[in-house]
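In what follows, chains are A, B, ... by sequence order, proteins preceding strands, each numbered from 1. Computed from a prediction, not measured in an experiment: that's the story for all the values here.
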Protein chains: 2
Amino acid sequence: MAEKEISQAVIARLPRYFRYLGDLKEKGVERISSQELSSIMKVTASQIRQDFNNFGGFGQQGYGYNVSYLYEEISKILGIDKQHSLVIIGAGHLGKAIAGYTNFTRRGFVFKGAFDCNPDLYGTRIRDVEVRPIEEMESFVKDNKIEIAVLTIPKDQAVPMAHKLADCGIKAIWNFAHVDLEVPDKIQVENVHLSDSLMKLSYNINRYENNI
Amino acid sequence: MAEKEISQAVIARLPRYFRYLGDLKEKGVERISSQELSSIMKVTASQIRQDFNNFGGFGQQGYGYNVSYLYEEISKILGIDKQHSLVIIGAGHLGKAIAGYTNFTRRGFVFKGAFDCNPDLYGTRIRDVEVRPIEEMESFVKDNKIEIAVLTIPKDQAVPMAHKLADCGIKAIWNFAHVDLEVPDKIQVENVHLSDSLMKLSYNINRYENNI
DNA sequence: GCATGTTTGTTAATAATTACACAAAAAATA
DNA sequence: TATTTTTTGTGTAATTATTAACAAACATGC
């Protein structure tokens, strides 16, 4: 029954569709054609139809797509119709920024714990969650069956921490450290390498200036 | 003299090469073959050679690549051999996290100013930079010929702010707001949509669980 | 209820990306 | 110095991704 694998390029586009559909829904738009969505999102209508068709037909000929329905279906595909528990490892500014981002809560990501190795932070609170010593992480993750760990710690600490996380049954790591983690295949890793992103921007500044 | 355009897929890989080469350099490795680098980085040797060849030959048959030389060349390609001035718009946790990341300084990104609309923050300092009222942003950017603006503000404020930035001659926007900006082509935009990234992670958790 | 227009789902064509393969060049070795 | 080994640069093949095209399905209006 092996479903055909859907490329990560398609998956990477889904959150953007989801965002635009959410906006349309909020504006009270009931239906939309791939053509209209295409002109709003600046992608081809063909790509939109192909992308949605990877998951079965969500639209109807002569009508288009029902905004609410499509929105719900994409949320199911992305798995954000269910709740995901999450801990933040590294309670610095970046950790705090992420923990404090209330929109994640709205998408079902429930912030359950925060850990740091700096004793000054123990007992301080991020939203309504207490920062705990990093030593308590493993038992906490096991006891509370935490699914996602957000790694906002320096890169030299990130690699051993990823191994610890793997050992206590984490399902996924959202990695902000500037290093590639090596973990078993069953653990999903999503990297946010901010410096890579900034370097790409730098390249494009250069390119534009040299092409004038 | 139109140079052939290099695909963004290639550019997106350069920072990762740069990171690994930096590590090798630090370890005192002098030379490396595409084959060796391939096994460290888990990409094909062919792709490595193709990528580097987009910019001319950096290696030598029978020898491989000189680590230091290649490192320098990539830094030139990425434009991080020069300094780039940068302001942060939105002095919340995310803004502070980015401003405080000293590695950026090492790569030539010089943090020159921070702006916010919250009067409580005026005069407070992020590293050695004072947070100023957002009203002062336009003159500051013009007077100091700032190249890059980091947008760490809510999405409803991001769109008008991008227009203001465009008007005062910014070259690039590093956008952390969950919205797509519309600015003239001459302004380079690099998006970091954290919620998109988290949704992708959520999809992959789901996918793994349904495929067991 | 029929004709007309719209829009999807899907197949085909094109474009882009990645991997393969090997000659040519240099290094290492004998 | 001659020979063997290594390894790049690059042309070509294979794969993947994107765009175009169109028949089938439905909605709309008369």
Write down the distance between CZ (B:Phe58) and P (D:dG9), rounded to a whole number of angstrom. 9 Å
Under 3.5 Å, which donor-acceptor pairs do the side chains of residues 36-45 of chain A form with other protein atoms, sequence neighbours left out?
residue	atom	partner	partner atom	Å
A:Glu36	OE1	A:Ser33	N	2.9
A:Glu36	OE1	A:Ser33	OG	3.3
A:Ser38	OG	A:Val43	O	2.9
A:Ser39	OG	A:Glu36	O	3.0
A:Thr44	OG1	A:Gln47	N	3.1

Using the test salt bridge (Lys or Arg N to Asp or Glu O under 4.0 Å), find all partners of A:Lys25 that sit at least two apart in sequence or belong to another chain. A:Glu72
Treating B:Ser75 as the side-chain partner and B:Ile80 as the backbone partner, does any N or O pair qualify as donor plus acceptor under 3.5 Å? no
I want to check one thing: is the phosphate of C:dA28, taken as OP1 and OP2, less than 4.0 Å away from some side-chain N or O of B:Arg31? yes
Nearest-Å distance, CD (B:Gln60) to C1' (D:dT7)? 10 Å
Determine the interplanar angle of the B:Phe58 and B:Phe55 rings, folded into 0 to 90°, and report it as parallel if under 30°, tilted if 30 to 60°, perpendicular if over 60°. parallel
Might you list the N or O atoms of the protein lying below 3.5 Å from N or O atoms in nucleotides 13-18 of chain D, with each pair's distance?
residue	atom	partner	partner atom	Å
D:dT18	OP1	A:Arg13	NH1	3.2
D:dT18	OP2	A:Arg13	NH1	3.3
D:dT18	OP2	A:Arg13	NH2	3.1

Near DNA chain D, under 4.0 Å by heavy atom, which residues of residues 61-70 of chain B? B:Gln61, B:Gly62, B:Tyr63, B:Gly64, B:Tyr65
Could you list the donor-acceptor pairs under 3.5 angstrom formed between side-chain atoms of residues 160-169 of chain B and any protein atom two or more places apart in sequence or on another chain?
residue	atom	partner	partner atom	Å
B:His163	ND1	B:Val159	O	3.3
B:His163	NE2	B:Glu182	O	3.3

If you look at every strand shown and take non-hydrogen atoms under 4.0 Å, does A:Ser46 touch a base, only sugar-phosphate, or nothing? base
Atom-pair distance (CD1 on B:Ile48; P on D:dT7), nearest Å: 13 Å
From CZ of B:Phe52 over to P of D:dT7, roughly how many Å is that when rounded to an integer? 15 Å
Side chain to side chain donor-acceptor pair (under 3.5 Å) assessment of A:His178 paired with A:His193: CA-CA 6 Å; A:His178 299 180; A:His193 291 323; 5.8 Å; no
Residue list, salt bridge (Lys or Arg N to Asp or Glu O under 4.0 Å) with B:Asp23, at least two apart or on another chain: A:Lys155
Between atom CZ in B:Phe55 and atom P in D:dT8, what is the gap in whole Å? 17 Å
Once you measure the plane-to-plane angle for B:His84 and B:Phe109, does it fall in the parallel (<30°), tilted (30-60°) or perpendicular (>60°) bin? parallel
Taking CZ from A:Arg49 and C1' from D:dA24, how many angstroms apart are they, rounded to a whole number? 13 Å
Would you call the rings of B:Tyr17 and B:Phe52 parallel, tilted or perpendicular if under 30° counts as parallel and over 60° as perpendicular? perpendicular
